[in-house]
**Q** 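Before we start, here is the structure in question, set down as structure tokens.
So you know, we letter chains A, B, ... as the sequences are listed, proteins then strands, and number each from 1. Predicted model, so just to flag it, every value in this text is computed and none were measured.
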Number of protein chains: 2
Amino acid sequence: MTDHVSGKTLQRAELARRTGCNLETIRYYEKTGMMPDPPRTASGYRVYDEAHVSRLRFILRARELGFSIYGIRGLLDLVDGGTQTCAEVKERTERHLADVRAKIADLKRIEKVLAGTAAQCSGEEVPECPVLEALAS
Amino acid sequence: MTDHVSGKTLQRAELARRTGCNLETIRYYEKTGMMPDPPRTASGYRVYDEAHVSRLRFILRARELGFSIYGIRGLLDLVDGGTQTCAEVKERTERHLADVRAKIADLKRIEKVLAGTAAQCSGEEVPECPVLEALAS
DNA sequence: CTTGAGTCTGTAGTTGCTACAGACTGTAGC
DNA sequence: GCTACAGTCTGTAGCAACTACAGACTCAAG
């Protein structure tokens, strides 16, 4: 662990700490090909640099925005593919945006039902609970 | 399969068809204790009745409303527990409602970011894509 | 030279299903 | 009665997207 190749190098735990990513998740992203296989020390320890930090942040940010692994991989392919075809990125983003909006609509429908039935509850110990009735009917 | 005990009896496939539930999911709900172990024919075939249909519909409806298996199990316990303490059902519903609302808020935030960045896209093949920039920064 | 923290690997667990494989059963036609 | 075929049975493996071990190794400090 005394490799000082060029610039700052990080171990896995440091990368995790700096990105807020779970330690094991880093290995998972590597296994799934989203993160590149990092160089290793003679004893096999992974060595990361600032490029890895950026890459991981990109992935985490996309995750935060609800992109699936599959979707992120697509985005990364575009990034890695040299020519970044903005139109394609835009299209994917908008498709994802449509998904997000559909999910919001779904949840709002659910919210309405839940709020409506809960509001009917007296809170008393009555034999008929409006929520359970709503679910059963 | 010539058991006519009392009332209409259904096989698994019929129960699935009538509730819109996947065939295998029924077995899964049985295994996880949400559906009761149904009686069997001499040869081991599961036999369902209208009570099972209702129960399964209850479960599916709760799933639709985003309750987790764990949450549904709680609801079912209350149902099965004789005295249905409405107050408790209400409390659980409201807790779930809060979860749903939090999820909506989350998705709205995501929507905003996605819509904002996508709007900046020219769609042209420019070297800097605003979406990718937004993710990377 | 030992101790303790960090890392390595592979694998199993999570949630909520879904989809098999391979054996059995039930029914209809001939 | 026999055969074909659909339906059922079981256990187990797979999906996403991680997360959490166990058991072996390595590294730096005291």
Side-chain angles (χ1 to χ4, degrees), chain A residues 1-5 9-35 37-48 52 56 58-76 96 99 103 106 110, chain B residues 1-5 9-35 37-48 52 56 58-76 96 99 103 106 110:
Chain A
M1 189 83 327
T2 321
D3 298 46
H4 14 142
V5 193
T9 60
L10 317 169
Q11 278 191 273
R12 198 150 56 102
E14 286 171 289
L15 180 58
R17 195 185 43 73
R18 284 199 37 195
T19 55
C21 184
N22 178 288
L23 189 68
E24 300 292 323
T25 304
I26 293 170
R27 204 154 60 91
Y28 170 72
Y29 286 156
E30 183 183 323
K31 198 175 64 187
T32 56
M34 297 164 74
M35 286 291 284
D37 288 13
R40 305 279 188 127
T41 64
S43 56
Y45 283 27
R46 287 169 180 83
V47 177
Y48 299 102
H52 291 103
L56 185 50
F58 183 102
I59 294 167
L60 294 174
R61 185 123 178 74
R63 278 301 293 143
E64 241 180 84
L65 292 178
F67 279 95
S68 67
I69 292 291
Y70 179 82
I72 296 172
R73 201 124 42 149
L75 254 26
L76 289 170
H96 181 51
D99 284 357
K103 217 172 272 180
D106 256 26
I110 289 166
Chain B
M1 191 83 321
T2 321
D3 299 46
H4 13 140
V5 193
T9 61
L10 316 169
Q11 279 191 271
R12 198 149 57 102
E14 287 171 288
L15 180 59
R17 195 185 44 72
R18 285 200 36 194
T19 55
C21 184
N22 178 287
L23 188 67
E24 301 292 324
T25 304
I26 293 170
R27 205 154 59 91
Y28 170 72
Y29 285 156
E30 184 184 321
K31 198 174 62 185
T32 56
M34 298 164 75
M35 287 290 284
D37 289 14
R40 306 281 188 126
T41 64
S43 56
Y45 282 27
R46 287 170 181 82
V47 177
Y48 297 103
H52 291 103
L56 185 49
F58 183 102
I59 294 166
L60 294 174
R61 187 123 178 73
R63 277 301 295 141
E64 242 179 83
L65 292 179
F67 279 95
S68 69
I69 291 291
Y70 179 81
I72 295 173
R73 202 129 37 156
L75 255 26
L76 289 170
H96 180 52
D99 284 357
K103 218 174 270 178
D106 256 25
I110 290 166

**Q** How close or far is atom C1' of D:dT10 from atom CG of B:Asp37, stated in whole angstroms?
**A**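 One finds 14 Å between C1' of D:dT10 and CG of B:Asp37, rounded.
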**Q** Atom CD1 of A:Ile26 and atom P of C:dT9: how far apart are they, to the nearest Å?
**A**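 After rounding, the reported distance stands at 13 Å.
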**Q** Just to be sure I understand the rule, does B:Ser68 reach a base, reach only the sugar-phosphate, or reach nothing, if contact means heavy atoms closer than 4.0 Å?
**A**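 Sugar-phosphate, backbone atoms only, no base.
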**Q** I'd like to know if A:Arg46 pairs up with A:Glu14 as an ion pair, taking the criterion as any Lys NZ or Arg NE/NH1/NH2 lying under 4.0 Å from an Asp or Glu carboxylate oxygen.
**A**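 No, A:Arg46 and A:Glu14 are not salt-bridged.
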**Q** Is there a side-chain polar atom (N or O) of B:Gln11 under 4.0 Å from OP1 or OP2 of D:dT8?
**A**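 Result: yes.
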**Q** Could you tell me how far apart B:Glu64 (CD) and C:dG16 (P) are, to the nearest whole angstrom?
**A**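 That distance rounds to 16 Å.
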**Q** For B:Arg27 and C:dT18, is the shortest distance between a side-chain N/O and OP1 or OP2 below 4.0 Å?
**A**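 Checking B:Arg27 against C:dT18: no side-chain N or O falls below 4.0 Å of OP1 or OP2.
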**Q** Look at B:Asn22 and C:dG16 and indicate whether a side-chain polar atom (N or O) is within less than 4.0 Å of OP1 or OP2.
**A**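 Answer no for this pair, as no side-chain N or O of B:Asn22 is under 4.0 Å from OP1 or OP2.
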**Q** Can you see if the side chain of B:Arg40 gets near the phosphate of D:dT10 - specifically, an N or O under 4.0 Å from OP1 or OP2?
**A**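 Checking B:Arg40 against D:dT10: at least one side-chain N or O falls below 4.0 Å of OP1 or OP2.
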**Q** Minimum heavy-atom separation for B:Met35 and B:Ile59, please, with both atom names.
**A**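 It is SD-CD1, 3.8 Å.
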**Q** Please walk me through it: do B:Met34 and B:Leu76 pass side-chain contact (heavy atoms from CB on, under 4.5 Å)?
**A** CA-CA 8 Å; B:Met34 298 164 75; B:Leu76 289 170; 4.1 Å; yes
**Q** Using purine N1 to pyrimidine N3 plus N6-O4 or O6-N4 for Watson-Crick, or N1-O2 and O6-N3 for G-U wobble, each under 3.5 Å, what pairs with D:dT19?
**A**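 Pair assignment: D:dT19 / C:dA12.
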**Q** Nearest nucleotide by nearest heavy atom, which residue falls closer to the 5' end of DNA chain D, A:Tyr28 or B:Gly44?
**A**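 Taking each residue's closest nucleotide, the earlier one in sequence belongs to B:Gly44.
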**Q** Tell me: NZ of B:Lys31 to P of C:dC17, nearest whole Å?
**A**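 It works out to 12 Å between those atoms.
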**Q** Quick check: any donor-acceptor pair below 3.5 Å linking the side-chain of A:Arg46 to the base of C:dG6?
**A**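 Side chain to base: no pair below 3.5 Å.
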**Q** Are A:Arg27 and A:Glu24 ion-paired here, with the side-chain N under 4.0 Å from a carboxylate O?
**A**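 A salt bridge links A:Arg27 with A:Glu24.
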**Q** Map B:Tyr70 and A:Glu30 onto DNA chain C by nearest heavy atom, then report which one ends up closer to the 5' terminus.
**A**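 Final value for this comparison: A:Glu30.
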**Q** If only side-chain N and O atoms of B:Ser43 are considered, is one of them under 4.0 Å from the OP1 or OP2 phosphate oxygen of C:dC24?
**A**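 So the side chain of B:Ser43 is outside the cut-off, no N or O lying under 4.0 Å from OP1 or OP2 of C:dC24.
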**Q** Got a second to check how far B:Leu15's CG is from B:Thr9's OG1, nearest 0.5 Å?
**A**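 It comes to 11.5 Å.
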**Q** Hey, does A:Tyr29 reach any base, or is it just sugar-phosphate, or nothing, if we go heavy atoms under 4.0 Å?
**A**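 Touches sugar-phosphate only.
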**Q** In whole angstrom, what separates B:Ile69's CD1 from C:dG16's C1'?
**A**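 The answer, rounded to whole Å, is 6 Å.
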**Q** Roughly how many Å is it from CG in B:Leu60 to C1' in C:dT18, rounded to a whole number?
**A**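 B:Leu60 atom CG is separated from C:dT18 atom C1' by 15 Å.
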**Q** Given the structure, check if the side chain of B:Tyr45 and the base of D:dG7 hold any donor-acceptor pair shorter than 3.5 Å.
**A**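 Such a pair is found, so the answer is yes.
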**Q** Closer than 4.0 Å, any side-chain N/O of A:Thr25 to the OP1 or OP2 of D:dT19?
**A**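 Yes, A:Thr25 has a side-chain N/O under 4.0 Å of OP1/OP2 on D:dT19.
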**Q** Within less than 4.0 Å of OP1 or OP2 of D:dC9, is there a side-chain N or O belonging to B:Arg12?
**A**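 For D:dC9, OP1/OP2 do have a side-chain N/O of B:Arg12 under 4.0 Å.
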**Q** Give the rounded distance in Å between these two atoms: CG of B:Leu23 and C1' of C:dT18.
**A**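 Rounded to the whole Å, the gap is 10 Å.
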**Q** Rounded to whole Å, please give me the gap between CZ in A:Phe67 and C1' in D:dC18.
**A**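 About 19 Å, once rounded to whole Å.
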**Q** Could you give me the CA-CA distance, side-chain angles and deciding distance for B:Leu60 and B:Tyr29, then say whether side-chain contact (heavy atoms from CB on, under 4.5 Å) is met?
**A** CA-CA 10 Å; B:Leu60 294 174; B:Tyr29 285 156; 4.1 Å; yes
